[in-house]
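The block underneath contains the structure these notes are about, expressed in structure tokens.
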Amino acid sequence: MAEHIRVLLSEEEVDRRIQEIGEQISRDYAGKKVHLVCVLKGGSFFMCELAKRITVPVSLDFMSVSSYGSDTKSSGVVKIVKDLDESLKDKDVIVVEDIVDSGRTLSYLLEMLRDRGPASLRLCTLLDKPDRRVIDVNVDYTGFQIPDEFVVGYGLDYDQMYRNLPYIGVVEFDN
């Protein structure tokens, strides 16, 4: 079975929205320094583009997590594959994600990071699928709300492919 990609959000739309989010974060953190925490791998493309558009001082860190268990449903328990390099103590932290869907993993992750003592903790996502939400997660900065479709591009993948697309596309399978 082959697949093709239908454009959902063009490169121009994505670039314009990231610029707007960068401007909003810059206003919200005027006079402060913001510490961006990227959830790998998908969030890396978005975070790099976002960081370039924030005008206040920015520091970056990365972590990789996975929900584990043999079930197809996340238990909400997070296994840290790669932890942060720096302490979050007293920092203004924004967790940067590629997509928020069920909210299970992110809810757990945010609670874990909150316990590390940041001055503030917010969530920024490029894409939000509210129709998939199982656990309520407060998203402070949202790029786009999208329908419940399987999307790729801008860091999101299908079997490790399509991350490098400069737009957001929907995977459609040919019969």
Side-chain angles (χ1 to χ4, degrees), residues 1-22 25 36-53 60-85 94-110 112-113 122-175:
M1 181 175 3
E3 73 269 2
H4 70 275
I5 309 303
R6 172 177 50 87
V7 176
L8 178 66
L9 298 164
S10 71
E11 181 175 4
E12 295 75 24
E13 289 174 290
V14 173
D15 284 345
R16 185 172 36 254
R17 185 64 185 125
I18 293 172
Q19 178 65 39
E20 292 168 357
I21 295 169
I25 289 171
L36 302 180
V37 172
C38 176
V39 182
L40 295 172
K41 298 179 185 173
S44 59
F45 288 73
F46 175 43
M47 186 172 82
C48 290
E49 291 302 317
L50 179 63
K52 292 191 299 188
R53 291 163 172 90
L60 310 175
D61 207 343
F62 300 85
M63 72 185 312
S64 181
V65 298
S66 68
S67 294
Y68 60 90
S70 57
D71 199 346
T72 56
K73 296 177 184 171
S74 169
S75 64
V77 176
V78 174
K79 176 183 176 188
I80 298 174
V81 179
K82 185 238 177 273
D83 205 345
L84 298 172
D85 293 329
I94 300 176
V95 174
V96 180
E97 259 287 23
D98 53 359
I99 190 165
V100 178
D101 51 29
S102 74
R104 285 186 179 106
T105 301
L106 258 181
S107 174
Y108 184 90
L109 177 63
L110 289 170
M112 181 181 64
L113 295 178
R122 291 186 172 170
L123 175 60
C124 178
T125 187
L126 179 60
L127 304 174
D128 187 7
K129 282 188 186 179
D131 293 343
R132 300 254 314 152
R133 197 79 80 251
V134 175
I135 294 177
D136 190 37
V137 175
N138 181 48
V139 181
D140 301 284
Y141 304 100
T142 301
F144 301 92
Q145 282 194 355
I146 62 169
D148 187 12
E149 297 184 287
F150 192 82
V151 291
V152 294
Y154 233 92
L156 295 141
D157 73 296
Y158 168 62
D159 198 22
Q160 295 299 327
M161 296 181 353
Y162 305 116
R163 286 188 195 277
N164 62 320
L165 295 177
Y167 58 86
I168 303 297
V170 176
V171 177
E172 296 180 337
F173 295 94
D174 303 323
N175 293 329

Discussion item. If only side-chain N and O atoms count, and only distance matters, is there a donor-acceptor pair under 3.5 Å linking N138 with D140?
Written reply: yes
Discussion item. As an exercise, state the distance from CG of L126 to CD1 of I168, rounded to the nearest 0.5 Å.
Written reply: 5.0 Å
Worksheet item: Are any of the side-chain heavy atoms of E3 and Y162 separated by less than 4.5 Å?
Response: yes
Fill in: Heavy-atom pair with the smallest gap, counting every atom of E97 and F46
O-CD2, 3.4 Å
Discussion item. Taking the side chain as everything from C-beta on, heavy atoms only, tell me whether L50 gets closer than 4.5 Å to I94.
Written reply: no
Worksheet item: Rounded to the nearest 0.5 Å, how far does CG of L110 lie from OG1 of T105?
Response: 10.5 Å
Worksheet item: Step by step, would you call Q19 with R16 a side chain to side chain contact (heavy atoms under 4.5 Å, CB included)?
Response: CA-CA 5 Å; Q19 178 65 39; R16 185 172 36 254; 5.7 Å; no
Fill in: Shortest non-hydrogen contact from F173 toward V171
CZ-CG1, 3.6 Å
Discussion item. Taking the basic N atoms (NZ, or NE/NH1/NH2) and the acidic carboxylate oxygens, is any pair closer than 4.0 Å for E49 and K52?
Written reply: yes
Practice prompt. Search all heavy atoms of L60 against all heavy atoms of A51 and return the closest pair with its distance.
Written response: CD2-CB, 4.1 Å
Practice prompt. Sort and list the pairs that fulfil side chain to side chain donor-acceptor pair (under 3.5 Å) and have at least one residue in residues 123-132, not counting sequence neighbours.
Written response: D128-R133
Worksheet, complete the sentence: On a heavy-atom basis, the closest approach of G43 and C38 is C-SG, 3.3 Å
Discussion item. Show the nearest heavy-atom pair for residues I21 and G143, with the distance to one decimal.
Written reply: CD1-CA, 3.6 Å
Discussion item. Taking salt bridge (Lys or Arg N to Asp or Glu O under 4.0 Å) as the cut-off, I'd like each qualifying pair that reaches into residues 163-173, sequence neighbours left out, listed once.
Written reply: R6-E172, D157-R163
Worksheet entry | Beyond-backbone contact of V96 with V39, side-chain heavy atoms, under 4.5 angstrom | no
Discussion item. Keeping S44 on the side-chain end and K41 on the backbone end, is there a donor-acceptor pair under 3.5 Å?
Written reply: yes
Item to complete: Report yes if the side chains of D148 and D101 come closer than 4.5 Å at any heavy-atom pair, otherwise no.
Response: no
Practice prompt. State, with a plain yes or no, whether a side-chain heavy atom of I135 is found less than 4.5 Å away from one of Y108.
Written response: no
Response to the item:
d(I80 CD1, L109 CG) to nearest 0.5 Å is 7.5 Å
Worksheet item: What is the distance from atom CG of L9 to atom OH of Y154, rounded to the nearest 0.5 Å?
Response: 11.5 Å
Response to the item:
Scanning both residues in full, the closest heavy-atom pair of Y167 with E11 reads CB-N, 3.7 Å
Practice prompt. Taking the side chain as every heavy atom from C-beta outward, state whether R53 and D15 have any atom pair closer than 4.5 Å.
Written response: yes
Worksheet, complete the sentence: Distance col, row I18:CD1 vs F144:CZ, nearest 0.5 angstrom, shows 7.5 Å
